[in-house]
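Worksheet: the structure to be examined is printed underneath.
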Amino acid sequence: MSDDVRASLSDVFREEHGRLLASMVHRYGDIDLAEEVTSEAIEVALQRWPIDGVPTKPGAWLLTTARRRAVDRLRRDRTLSTKLAILQIEQDRAGIGQRTESLAAGAFDDDVPDERLQMFFMCAHPALNVDDRVALTLRCLAQLTTAEVARAFMIPSSTAGQRISRAKKKIREARVPFRIPGPDELPARLTVVLQVVYSIFTEGYAASSGDDLVRVDLADEAIRLARILQALLPREREVTGLLALMLSVHARSAARVDGDGTLVMLDQQDRARWDREMIDEGADLTVRALTGGAAGPYSVQAAISALHVESETWEATDWAQIVELYGVLMSLAPSPVVAVNRAAAIAVRDGPVAGLMELDALADEPALQAYSPYHAARGDVLSRLGASSDAATCFERACATAGSIPERDYLRRRADEAREAAGS
């Protein structure tokens, strides 16, 4: 199989995987079964499509194949009476063996909301532990690896795996329904769904591993899901805030690496390469998110990002307001990560000494020990203070805990430069 064909198929599978998995969960109520038959359908496609060609409706083809695999599996496993009952329902509903491609295609219409979003809300059911809900959704629907899920939580991979398994078991045993919740149920689930969408975007914005800094497919998917959420819940200001935040951040993607794939930090980026249309849309949404009452965490972050992308230069950025907004964010959603970002902003507004004091106050936070941006921020302020040897140590530690190759290369270069300065 040629590289071009493989890349083309990879794009199709990435597009259809979440929809197919959600459809299988919807019909059979078993995430493990759904994952198995989804993988099997894709394996069959990998064998047949390079020979027969990609079908006109690849999603419908995969859905039909996955359904047949599910039926075969359920028929073989006669000890699972509950699954056999589900099989009978499926047979009565659609007529196994008589289903056509056109019927299968009906499950892949582009109506809002789609089945993936329904599965997001199912995984956000209050019967599940909050962290388990997010871990499961990231693994199953966002197709993040267990290691990538672990990075989102700053936990070991084994712990992330346990959370995913625990959530699957709970959904199966509690028979959690697959549907969009009613108005009275929505507040308890929406926060988790927004957290999942933002986690998908974060992995897309700064990949936790691999050759590329940005995974555009994940960032685009998160924005697409946020648009669906906004259409579904136009009055939920935090939904609007999240969409605004992601648009204004994603608008800078083209300038975050140079022609060689080297990481370019915000102060060095060519702002002419930023997507102005995306920035303008994000700005309009930010105003809407901040209008009508107290702002939520995503809306505040959208305001911070808007201040960055609306500034003509790094020096012209309103750092005083950014620091104040980070203070608001700390009161709404306090976390070590927010504290690091606030400290970095203070280092620009008030100078490296003030920034270092803020960063050093966070030194004992367990979650920051393996958090690369924390060590990079300390390295940066120490370099500005002329403490080159200490700065090199920080950059080396940041490099050891960084994700993608472009991040590691950048931090290694900063470490080398600091070592050279210390020896001069």
Side-chain angles (χ1 to χ4, degrees), residues 154 198 201-202 205-206 237-238 240-242 244-252 255-256 263-269 271 274 279 282-291 293-365 367-368 371-387 390-391 394-395 398 414:
M154 298 183 182
Y198 190 45
F201 178 79
T202 300
Y205 171 78
R237 290 164 54 215
E238 274 294 81
T240 302
L242 176 59
L245 169 62
M246 294 191 297
L247 287 171
S248 61
V249 170
H250 196 41
R252 297 189 280 109
R256 292 183 60 229
L263 173 63
V264 181
M265 300 302 289
L266 180 60
D267 60 332
Q268 299 294 320
Q269 287 175 15
R271 299 188 177 215
W274 291 358
I279 288 172
D284 290 342
L285 290 170
T286 299
V287 172
R288 287 170 53 185
L290 294 172
T291 302
Y298 292 115
S299 301
V300 173
Q301 291 178 79
I304 293 171
S305 185
L307 287 172
H308 281 298
V309 296
E310 290 174 4
S311 300
E312 292 185 3
T313 64
W314 169 266
E315 292 76 17
T317 305
D318 190 344
W319 289 102
Q321 190 171 350
I322 286 175
V323 171
E324 292 302 316
L325 285 171
Y326 271 123
V328 173
L329 186 58
M330 279 294 293
S331 68
L332 293 173
S335 77
V337 172
V338 174
V340 170
N341 289 332
R342 180 176 176 273
I346 288 174
V348 181
R349 184 193 68 175
D350 301 335
V353 172
L356 184 61
M357 290 177 62
E358 295 287 338
L359 289 167
D360 284 348
L362 302 171
D364 293 331
E365 286 284 352
L368 298 181
Y371 184 57
S372 179
Y374 170 68
H375 302 293
R378 286 195 78 247
D380 186 66
V381 295
L382 286 166
S383 288
R384 290 165 60 190
L385 289 169
D390 290 339
C394 287
F395 284 127
R414 291 294 305 270

Looking at [X] and [Y], would you say the former's side chain and the latter's main chain have a donor-acceptor pair under 3.5 Å?
X	Y	answer
R414	A376	no
R252	Q269	no
Y374	L359	yes

Can you name the closest pair of heavy atoms from [X] and [Y] and give their distance?
X	Y	value
F395	G379	CZ-C, 3.4 Å
E310	A283	OE2-CB, 3.2 Å
G282	A244	O-CB, 3.5 Å
H308	L266	ND1-CD2, 3.6 Å

Partner residues of [X] under the side chain to side chain donor-acceptor pair (under 3.5 Å) criterion, sequence neighbours left out:
X	answer
D318	none
R288	none
W319	none

Quick one: side chain to side chain contact (heavy atoms under 4.5 Å, CB included) partners of [X], sequence neighbours excluded?
X	value
S311	R271, T317
E358	R342, A343, I346
A251	D275, M278, I279
D284	none

Inter-residue atom distance [X].[atom1] - [Y].[atom2], 0.5 Å rounding:
X	Y	atom1	atom2	answer
L242	L285	CG	CG	10.5 Å
D267	E315	CG	CD	8.0 Å
R256	Y205	CZ	OH	3.5 Å
T240	L245	OG1	CG	12.5 Å

Exercise. Do any pairs count as a salt bridge (charged side-chain N to carboxylate O under 4.0 Å, His left out) and have a residue in residues 294-305, sequence neighbours left out, and if so which ones?
Worked result: none
Problem set entry | Pairs meeting criterion salt bridge (charged side-chain N to carboxylate O under 4.0 Å, His left out) with involvement of residues 298-307, two or more places apart | none
Exercise. Do D360 and R378 meet the salt-bridge criterion of a basic N to acidic O distance under 4.0 Å?
Worked result: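 Looking at R378 and D360, the cut-off is met.
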Identify each donor-acceptor pair in which a side-chain atom of residues 299-307 lies under 3.5 Å from a protein atom, sequence neighbours left out, and give them as a table.
| residue | atom | partner | partner atom | Å |
| --- | --- | --- | --- | --- |
| S299 | OG | E238 | OE1 | 2.8 |
| Q301 | NE2 | P297 | O | 3.4 |
| S305 | OG | S248 | OG | 2.7 |

For this session: Tell me, please, which residues at least two apart from Y298 pass ring pair (Phe, Tyr, Trp, His ring centres under 6.0 Å).
Result: Y198
Would you be so kind as to tabulate the donor-acceptor pairs closer than 3.5 Å made by side chains of residues 324-340, with sequence neighbours excluded?
| residue | atom | partner | partner atom | Å |
| --- | --- | --- | --- | --- |
| S331 | OG | V328 | O | 2.5 |
| S335 | OG | V337 | N | 3.4 |
| S335 | OG | V338 | N | 3.1 |

